[in-house]
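Below: the structure, in structure tokens.
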There are 2 protein chains.
Amino acid sequence: MAKPERHATITDVAALAGVSVGTASKALNGRGSLREETRVRVREAARTLKFEVNAGARSLHSGRTYTVGMITTDSIGRFSIPVMLGAEDALGAGQMSVFLCDGRDDPIREQYYVKTLLSRRVDGIIVTGRRAQSRAPIGVGLPVPVVYAFISSTDPGDCSVVPDEAGGTRKAIDHLTAIGRTKIVHITGPEHHHSAQVRSASTQERLAELGLEPAAAPLFGAWSEAWGRQAVGILLTGGADFDAVFCGSDQIARGVVDALRAAGRRVPRDVAVVGFDNWDVMAEAAQPPLTSIDMNLEGLGRTAADMLLAAINGNPSSGRQLCPCHLVIRESTSVTP
Amino acid sequence: MAKPERHATITDVAALAGVSVGTASKALNGRGSLREETRVRVREAARTLKFEVNAGARSLHSGRTYTVGMITTDSIGRFSIPVMLGAEDALGAGQMSVFLCDGRDDPIREQYYVKTLLSRRVDGIIVTGRRAQSRAPIGVGLPVPVVYAFISSTDPGDCSVVPDEAGGTRKAIDHLTAIGRTKIVHITGPEHHHSAQVRSASTQERLAELGLEPAAAPLFGAWSEAWGRQAVGILLTGGADFDAVFCGSDQIARGVVDALRAAGRRVPRDVAVVGFDNWDVMAEAAQPPLTSIDMNLEGLGRTAADMLLAAINGNPSSGRQLCPCHLVIRESTSVTP
DNA sequence: AGCGTCCAGGAAAAGCTTTTCCTAAATTTC
DNA sequence: GAAATTTAGGAAAAGCTTTTCCTGGACGCT
């Protein structure tokens, strides 16, 4: 590891170029009125000394750090990651850097991070994560704007960006009916989970709108393959008559297709299956690959970041903003080879 | 969104407490010699004004920012995330914050991030990500220490922390032989991939040390379930005689167990299967659940962060540091119910 | 009473940049 | 050729905190 040397300062650059520090600053930032020859000389000196401006000292003046904080409420997981990526993408394009903070579902840790971020004078904060319910605000009267992404704040005055799960559910049901299925059952996660509630309620609602009866009462369980398999067992032994299953997650859906195949039911011929999340490794590796609802989390992250940038620039939004989900069709609902 | 007010400064606090700024600073940082009564008064004022010290201004003095940068070479993915988490964990405990930068496998973007991080005066940099090969250093003669985690630098003078894949492979083979298997085949990812090479070579080596012949030549393909299924097809149609499969990833292993079951071979009774990565959603959902090699990426991230902290504090290391892998036993190699 | 110590707290510099305001020289205008 | 502009660049302040050094008073000692 090379001996870390001291960082060059603008004073060093000015000295090497033979100008005052003010002039050096102007030359490097394209301000003031200077001869081109002087600008070149200063830039040259900066390059020679590997000068990188001290962002901390600079923001002392500008009042902006071009930095935002991202706090996850739960541990960083499968859902928060795409959101983070989208946000990082949108912010990076605006020359902003992201402080990553993993809240671990620990309110104390979370408050510590909020303090740290404020101390570092971030220009704004994005809160993300998965939770059974919406969450309490990370703070009130904070001096910087906050946007909640994927998760939502219980305070309706806060700005939250969340997927339109009800809309996604409608797309799934409409797709199943469009391919001629009428005896649809819904298998999903734990009953206390907000997503499970929304998806299940929207399913019943949409079926009713279409004049259909559910082929069975919705089955609540866990977000796992094992539950998907088990639920199929329950349906089959109960003698339910169904030609389609809409699942609350791709993991459940994968368990479902495996169990159906093991029971001799052909997918999609006898039973069509739709998942939720469009988690590539699950949806594509299933046999057959799964049609699924994609929440477009990366786009959601970008939207959240854009809204945060707007708020930083003085145009705050408030309330829950819904991001559309879209349907990704694969073999579990179509008979292409 | 509440009207963002200006941040309070230590001058405001000093004024409210009726002391000089120097005294306020001492009171808040436990320096100097002050009456307890004064300290209390200052702390009280700080609380009233919601004062949070301006970290940028402070580091102007200390020369330290208590901040490190984390750059991923590829897009943030399944492997870099646990490494990041481990690092964030170790650093957070040391009161450091982490700048997250997603390199997207784009060298230009990467260099831009390096410049940004240096400009923000990070105390050090962690480089992580997955690559077919080790990677070129992100820079030479950088003014801050750098540690490579999971990926390794081509410069042997750099500090790299990588999993001991050869050791993990030995543990897998030894486990299979310990349960009485002698006809072992190896199915893994693309031949050009470094991990595939190491795991395959170590497999052959360990078998030779144990006086065993491989039951078939290693099969190189892709890191996917589909390839696992396909590879089993190749083995079966080729009439290979084998009683165990060691797979280069859990995805491959899952494809393998599915294909074996479909072909009527019982796992683990007829064929035992070991995966690699110990990716919970794959290993636990497989039927039967997979025995697998865990690279302990979170521990690796912690180690990398600890080594970076040591380097920041003047105790740099160099060279490749191996982190042990461990074996996680599940039903795919054992006959427990 | 006079001297030396100790204590609490203040003043000011340092750390790095940017920006505002000036000055001196160069150029234009009449 | 003198006055009015323009131009290039310098000096200094501001932004926030920490640290060093200093002062004035209280206290203890002979």
Side-chain angles (χ1 to χ4, degrees), chain A residues 5-43 45-46 49-67 115-116 118-123 143-144, chain B residues 5-46 49-67 115-116 118-123 143:
Chain A
E5 312 130 43
R6 205 177 61 80
H7 285 276
T9 74
I10 201 167
T11 310
D12 303 329
V13 174
L16 180 57
V19 297
S20 72
V21 292
T23 304
S25 171
K26 290 170 199 161
L28 294 173
N29 296 304
R31 293 258 157 65
S33 79
L34 303 178
R35 266 181 301 163
E36 183 57 23
E37 190 260 319
T38 310
R39 286 189 198 283
V40 170
R41 194 149 37 87
V42 173
R43 278 199 290 264
L49 298 173
K50 292 187 183 167
F51 170 75
E52 294 288 344
V53 66
N54 183 323
R58 170 182 276 171
S59 54
L60 217 48
H61 253 266
S62 63
R64 295 238 352 224
T65 54
Y66 294 91
T67 287
K115 285 175 90 80
T116 305
L118 292 179
S119 183
R120 293 186 194 281
R121 294 294 188 271
V122 293
D123 296 332
V144 295
Chain B
E5 311 130 44
R6 206 177 60 80
H7 285 275
T9 73
I10 200 168
T11 310
D12 303 331
V13 174
L16 180 58
V19 297
S20 72
V21 292
T23 304
S25 171
K26 289 170 199 160
L28 294 173
N29 296 302
R31 294 259 158 63
S33 79
L34 304 179
R35 263 182 305 162
E36 184 56 23
E37 190 260 318
T38 310
R39 288 190 198 281
V40 171
R41 193 149 37 89
V42 172
R43 277 199 290 264
E44 185 63 36
L49 298 173
K50 292 187 182 167
F51 170 75
E52 292 289 346
V53 68
N54 184 323
R58 171 182 276 172
S59 54
L60 219 46
H61 253 266
S62 63
R64 294 240 350 224
T65 54
Y66 294 91
T67 287
K115 285 175 88 81
T116 305
L118 292 179
S119 183
R120 294 188 192 282
R121 295 291 188 273
V122 294
D123 295 333

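Source: prediction; values computed, not measured. Order of the sequence lines sets the chain letters (A, B, ...), proteins ahead of strands, with each chain counted from 1.
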Sub-3.5 Å donor-acceptor pair from the side chain of [X] to the main-chain atoms of [Y], do we have one?
{"X": "Arg41(B)", "Y": "Ala17(B)", "result": "yes"}
{"X": "Arg120(A)", "Y": "Thr65(B)", "result": "yes"}
{"X": "Ser119(B)", "Y": "Val53(A)", "result": "yes"}

Once you round to the nearest 0.5 Å, how far does CG of Leu118(A) lie from CZ of Phe51(B)?
12.0 Å

Please round to the nearest 0.5 Å and tell me the distance separating atom OG1 of Thr38(A) and atom CZ of Arg43(A).
10.5 Å

Contact span of DNA chain D against chain B, any nucleotide atom under 4.0 Å from a heavy atom, 5' to 3', runs dC16(D) to dT20(D)

What is the minimum heavy-atom distance between [X] and [Y], and which atoms define it?
{"X": "Asp123(A)", "Y": "Val144(A)", "answer": "O-CB, 3.9 Å"}
{"X": "Arg64(A)", "Y": "Ser59(A)", "answer": "O-CB, 2.8 Å"}
{"X": "Ile10(B)", "Y": "Val21(B)", "answer": "CD1-O, 4.2 Å"}

Applying a 4.0 Å non-hydrogen cut-off, can you work out what Thr38(A) is touching in the nucleic acid: base, sugar-phosphate, or nothing?
sugar-phosphate

Determine the contact category for Ser25(A): base if any of its heavy atoms lies under 4.0 Å from a base atom, sugar-phosphate if only primed atoms, P, OP1 or OP2 are that close, otherwise nothing.
base

Is there a side-chain contact between Leu60(B) and Leu60(A) in this structure, where contact means two heavy atoms from C-beta onward sitting under 4.5 Å apart?
yes

Determine whether Asn54(B) and Thr9(B) make a side-chain contact, defined as any pair of heavy atoms from C-beta on separated by less than 4.5 Å.
no

What's touching nucleotides 22-26 of chain C from the protein side, N or O pairs under 3.5 Å?
none

Using heavy-atom distances to pick each residue's nearest nucleotide on DNA chain C, tell me which of Arg121(B) and Arg35(B) is more 5'.
Arg35(B)

Nearest heavy atom decides the nucleotide; on that basis, is Thr23(B) or His61(B) closer to the 5' end of DNA chain C?
Thr23(B)

Taking OP1 and OP2 of dC7(C), is either one under 4.0 Å from a side-chain nitrogen or oxygen of Ser33(B)?
no

Glu36(B) CD to dA8(C) P: how many Å, rounded?
11 Å

Where along residues 51-59 of chain A does a heavy atom come under 4.0 Å from DNA chain C, residue by residue in number order?
Phe51(A), Val53(A), Asn54(A), Ala57(A), Arg58(A)

Looking at Glu52(B) and Arg58(B), does any basic side-chain N land under 4.0 Å from a carboxylate oxygen?
no

